[in-house]
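First the structure, in the form of C-alpha cells, and then the observations on it.
A, B, ... follow the sequence lines: proteins, then strands. Residue 1 opens every chain. No experiment lies behind these values; they were computed from the predicted model shown.
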Protein chains: 2
Amino acid sequence: MTAASVGTKTRILDAAEKLFAQNGFEATSLRDITAEAQVNLAAVNYHFQSKESLIGAVIVRRLEPVNRRRLAMLDAAGPAPTLEQIVEAFIAPVLEAEMPNVAPLIGRVFSNPAEFAVRVFKEELAPVARRFDEAFAAAVPGIPPDERFWRMHFMAGAMTHMLALWDVIPMLAPMPVQPGDRRELVQRMVRFLAAGFRAPIMEAKD
Amino acid sequence: MTAASVGTKTRILDAAEKLFAQNGFEATSLRDITAEAQVNLAAVNYHFQSKESLIGAVIVRRLEPVNRRRLAMLDAAGPAPTLEQIVEAFIAPVLEAEMPNVAPLIGRVFSNPAEFAVRVFKEELAPVARRFDEAFAAAVPGIPPDERFWRMHFMAGAMTHMLALWDVIPMLAPMPVQPGDRRELVQRMVRFLAAGFRAPIMEAKD
DNA sequence: GTCTATAACCGGATAGAC
DNA sequence: GTCTATCCGGTTATAGAC
C-alpha cells in the first residue's frame, strides 16, 4: 500500500461493506467484491483468510465506533439519565449511522442468524448491553432482570426491523418517507419504547 | 401421488419449509431439499417451476392460516376490542405457530428483504394490516395515521426479532428459557407494546 | 409423473510466478 | 503484496428415457 492511495485492504473492506449492506452476506460473492473494489480476487484471501473472517472484519470496523458513540451519549446524559435518554443513546447512534452502508449492515446481522456472525456481533455488543442494562435498572426500578432482558430485546427488535426494512418502507408507507425523517423516527421510537419500558410488570404467573 | 401416501409435492413443501426455517432461503439448495424429502431433484422443477416460486409456495401455505387465525382472534374480541386484545391477536398466532418450522420461517422473510419474498409476504399481509390499523384507530383515538403506521412497525419488529432469534436467545439470556415460555412471552410483549401504543404523541415538530 | 444424466455455470480457495 | 491460472465442488435447470 502506498502512502498516497487507499490501500487494497481498505478498498476491499469498503466494497464488501457496500455489497453486504445492499444484498446480504450470502448473496455477495468474493468475485462481486473484488470487481467492485477493482482488486484481484486472490487479494481477499491474502488479506483476510476467508470470506467468513472478511465478514467479521467488516462488521467490527463499523460496529465499534457506533458502540463507542452509544456509551458516550449515555455518559453525556449524566449520572442519572432519564429513561428517554437511555433509549435514545441506545438507538440513535445506530439509526443515524451512515445510511447507505452502516445501518443496513447492522440490520443484516441480526436478521441473518448465521452462527458466526451472531457470535462476532455478540462479542462486540456484550459490554455495551451490560452498561445499558444497569442504566435501565436504575432508571426504571422495580423491573426484574428477566423482564428487563426481554424488554431490551423488544427495543432491539423494533430498531433492527427499521434497519433491515428501511429501503422497503417507502413502498409500504401510506405517506412519503424521506431520508431526512430519521431524527424524527428516533423521537417516535423513543416515546414508544420508553412507554413500553414503563409498562406495569406481570403479576406472578397463573 | 397415491391416495395412501403423502404426495411428492407435499413432501417437497414440508422439507423445504423445515430447511428454509433452519438455514434460510439462500443457504438451502434444492439438493438439500430433495435429499430431505427423499424425492428426485427434477421433481422440484416439475412441480414448482423454480426455486423462487417454491419459496413463495412455502410461505403462502403457512402464512395464510396464521393470518386467518389473527383475524378470527380479532373478531372474537367483539366489536370494540381493547388495545391489549388487538395486540395479542396480531402477535399470538405468529409466535405460537409451530415453532420448529412456521414461526422461524416467517421471521426469515422480513429479515431477508429479498425483493420477491417481501412482495409475496406483503400481498398476503396487506388486507390483514388494514383491518388491524382500523382496530388500532378505534381503540386508541387521537393517534394520527402516520404515527399508527410507525407504531405498527415497531410492534412487527419486536415480533419478528423474537422469531428470527428464538433459537439464539437461550445463549444470550441470563436465565434459562424454555420452549413452554412462549405464552408468557406473548403476555410480556402485549404489555410492553400496548403501553407503547398509548404513549403520548409528539407535539408538532420543532 | 418420476427418474437418470448432464448441461452450463458460479462459488471459495490456493499454488506458484513475478 | 499482487498477479494468473486452476482446482474442485456445488448450483439451478433441463433433455430425454421410462
Could you give all pairs that pass the ring-ring contact (aromatic ring centres under 6.0 Å, His included) test and reach residues 87-107 of chain B, with sequence neighbours left out? B:Phe90-B:Phe132
Partners meeting side chain to side chain contact (heavy atoms under 4.5 Å, CB included) with [X] (sequence neighbours left out):
X        : value
A:Asp14  : A:Thr10, A:Arg61, A:Arg62
A:Val140 : A:Leu83, A:Ile143
B:Pro144 : B:Asp146, B:Glu147, B:Ile201
A:Gln85  : A:Ala77, A:Pro81, A:Thr82

Rounded to the nearest angstrom, tell me the gap between atom [atom1] in [X] and atom [atom2] in [N].
X       : N      : atom1 : atom2 : answer
A:Phe25 : C:dG12 : CZ    : P     : 14 Å
B:Lys51 : D:dT14 : NZ    : P     : 15 Å
A:Gln49 : C:dT14 : CD    : C1'   : 13 Å
A:Arg11 : D:dG1  : CZ    : P     : 14 Å
A:Lys9  : D:dT2  : NZ    : P     : 11 Å
A:Glu26 : C:dG12 : CD    : C1'   : 13 Å
B:Ile12 : C:dT2  : CD1   : C1'   : 11 Å

Would you say B:His153's side chain and A:Met162's backbone share a donor-acceptor pair under 3.5 angstrom? no
Residue pairs fulfilling side-chain hydrogen bond (donor to acceptor under 3.5 Å, both in side chains) with at least one residue in residues 33-59 of chain A, sequence neighbours excluded: A:Lys18-A:Glu36
Applying the Watson-Crick and G-U criteria (both distances under 3.5 angstrom) with [ ] for crossing and | for other-strand pairs, one obtains for DNA chain D |||||||.||||||||||
Going from CD1 on A:Ile91 to OG1 on A:Thr160, what distance comes out if it is rounded to the nearest 0.5 angstrom? 11.5 Å
Give every pair of a protein N or O atom and an N or O atom of nucleotides 4-10 of chain C that lie under 3.5 Å apart, one pair per line with the distance.
unit_1	atom_1	unit_2	atom_2	d
C:dT4	OP2	B:Asn40	ND2	2.8

What residues from residues 52-62 of chain A pass a heavy-atom cutoff of under 4.0 Å to DNA chain C? none
On the nucleotide D:dT14, are OP1 or OP2 found under 4.0 Å from the side-chain N or O atoms that B:Asn45 carries? no
If the cut-off is 4.0 Å, is B:Thr8 near the phosphate of C:dG1, judged by side-chain N/O to OP1 or OP2? no
Regarding B:Glu84 and B:Arg198, does a basic nitrogen lie under 4.0 Å from an acidic carboxylate oxygen? yes
A:Asp32: side-chain hydrogen bond (donor to acceptor under 3.5 Å, both in side chains) partners, not counting sequence neighbours: A:Ser29
What residues form a side-chain hydrogen bond (donor to acceptor under 3.5 Å, both in side chains) with B:Glu134, not counting sequence neighbours? B:Arg130
Per atom distances to the A:Leu30 side chain, the nearest of C:dG12, D:dT2, D:dT14 is C:dG12
Between B:Val39 and A:Ala27, which has a closest nucleotide on DNA chain C that is more 5'? B:Val39
Suppose you measure atom P in C:dA8 against the same atom in D:dC8; what distance do you get, rounded to whole Å? 22 Å
Hey, which of these two, A:Tyr46 or B:Thr28, hits DNA chain D nearer its 5' end, going by closest nucleotide? A:Tyr46
Quick one: ring-ring contact (aromatic ring centres under 6.0 Å, His included) partners of B:Phe197, sequence neighbours excluded? A:Phe192, B:Phe136
